[in-house]
There are 2 protein chains.
Amino acid sequence: MEPMSGYDIKKRFEEIASNFWNESYGQIYPILKGLYTEGLAIRSIEKQVGKPDRHIYELTELGHQELKNWLLEPVERHVGRHEILLKLFFGPKVSVEDNIEQVKHFQKNHINELAQLQSIKLKIETENCKKTHLPYWMMTIRFGELMNEALLKWSDEVLSTMKEMKEKKYKDS
Amino acid sequence: MEPMSGYDIKKRFEEIASNFWNESYGQIYPILKGLYTEGLAIRSIEKQVGKPDRHIYELTELGHQELKNWLLEPVERHVGRHEILLKLFFGPKVSVEDNIEQVKHFQKNHINELAQLQSIKLKIETENCKKTHLPYWMMTIRFGELMNEALLKWSDEVLSTMKEMKEKKYKDS
DNA sequence: AACACCATGTAAGCTGTTACATGATTAA
DNA sequence: TTAATCATGTAACAGCTTACATGGTGTT
């Protein structure tokens, strides 16, 4: 996108990609070093007063080509590990009430996520840095919206099923 | 659920949980060993003719308690890393046509996944092993259905946006 | 006085996949 | 004959998080 420091990259992830990606310094800094030694990026140092120096990395022609190649590779499917489903898989080990609590907590989380998404959306729309990126970034937001809406629908469905199970249990006993 | 070997566990994951979880032997066998040495499981050997022996593990009382404790812990949110979104994040680096190809491939994958889900659903319904598990396992299936439906809706939306972008580009040039 | 921000980085440790090794049986 | 199924396991590697170390500036 543009010359950046490791610190900047982390920040960008947190500000506008936090709904679908995160990366720790422990990954970022060694990888930038690697890009540099492999000739995929160049590095320049920006001196500052009262603050540490900034190490600015910028892709070389080779680096841009590598990135392009990666972008063209089709994304292969990988199973998203949803811990809540693994827990429900063992549902009968605990009480229906316990499972209800679990799902309610899950639901709350995703209501929050939807709200956070809206603030990221606003940030992207108003900052409006590069016009070419805008439509693509909006697609990542839309992804989050549809996912979270589906997740909330699922929570509702599951909660009413569980409530039925609870009532049946009372009838039996 | 019941006494099982590492091989059995892998199989169960593949047969009825492959839509939300997978686990490799490289994880399973060392972990089973660990459970045994920590007193969370006991191990017995089932001898077979013409086939390797089966190492059957069964949770101890302590093991069951640990599992229960884990089930009661609320699931904390973690960002699912969707590679396709990271690629779209750099969308302007390649052509609109290239991005369309990427999304079409994604769409195909999720149509397949929906089909696979239906066969897992059938397996669970017909095998019908333990009645107590059935409703919970169906919830994991429903999760997959709603996710994939949302993903397909997203693909449709994104593809039509991209087609518009393509047309605009032609007008400009 | 305590904390957050700026900015770099490393080391230890956990998590996870892939490939390998073994070896008999059965189906295409 | 080739491949799959049964069944165990290990070793090498890749990916990722967390905690630590440094140290000045600005805010509550």
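So that the names make sense, note that chain A is the first sequence line, chain B the second, and so on, each numbered from 1.
Residue B:K33 places at least one side-chain N or O closer than 4.0 Å to OP1 or OP2 of D:dT10. Contact annotation: A:S5 does not reach the phosphate of C:dA7 (side-chain N/O to OP1 or OP2, under 4.0 Å). Here A:Y7 reaches the OP1 or OP2 of C:dC6: one of its side-chain N or O atoms lies under 4.0 Å away. Residue A:Y25 places no side-chain N or O under 4.0 Å from the OP1 or OP2 atom of C:dG9. Residue A:N22 has a polar side-chain atom (N or O) positioned under 4.0 Å from OP1 or OP2 of D:dT17. The phosphate of D:dT17 (OP1 or OP2) has no side-chain N or O of B:H78 nearer than 4.0 angstrom. Under 4.0 angstrom from either OP1 or OP2 of D:dC6 there lies at least one side-chain N or O belonging to B:K11.
Each of D:dG9, C:dA7, D:dC16 was ranked by its minimum atom distance to the side chain of B:R43; first place goes to D:dG9. When the nucleotides D:dA7, D:dT10, C:dC5 are ranked by their closest atom to the side chain of B:P30, D:dT10 comes out on top. In this structure, the nucleotide among C:dT8, D:dT8, D:dC6 sitting nearest to the side chain of B:H55 is D:dT8. Side chain of B:Q27, nearest nucleotide from D:dA7, C:dT8, C:dG16: C:dG16. The side chain of A:S24 sits closest to D:dT18 out of D:dT18, C:dG9, C:dA7. Set against C:dT8, C:dC6, D:dA7, the side chain of B:R54 has D:dA7 as its closest nucleotide. In the set D:dT8, D:dC16, C:dT8, the nucleotide with an atom closest to the side chain of A:E23 is D:dC16. Looking at the side chain of A:Q48, the nearest of the listed nucleotides C:dA7, C:dG9, D:dA7 is C:dA7.
Between the side chain of B:T60 and the backbone N or O of B:L40 there is at least one donor-acceptor pair closer than 3.5 Å.
Closest approach of A:M138 and A:I124 over heavy atoms only: CE-CG2, 3.7 Å. For the residue pair A:Y136 and B:P92, the shortest heavy atom distance occurs at CD1-CD, 3.7 Å.
Following rounding to the nearest Å, A:E14 (CD) and C:dC5 (C1') show an atom-to-atom distance of 12 Å. In this structure, B:K51 atom NZ and C:dT26 atom P are separated by 8 Å, rounded to whole Å. Between A:I28 atom CD1 and C:dC6 atom P there is a gap of 15 Å when expressed in whole angstrom units. Spacing between atom CD1 of A:I9 and atom P of C:dG9 amounts to 11 Å, rounded to whole angstrom units.
At most 12 non-hydrogen atoms from other residues, nucleotides or ligands lie less than 6.0 angstrom from NZ of A:K33.
Taking for each of B:R81 and B:I56 the nucleotide of DNA chain D with the nearest heavy atom, the 5'-most of the two is the partner of B:I56. Residue B:D8 is the one, among B:D8 and A:V49, whose nearest nucleotide of DNA chain D lies closer to the 5' end (criterion: closest heavy atom).
Heavy atoms of A:G26 sit under 4.0 angstrom from at least one base atom.
Put simply, A:V79 and A:L88 are part of two different groups of oily side chains (I, L, V, M, F, W, Y) that touch within less than 4.5 Å, one to the next.
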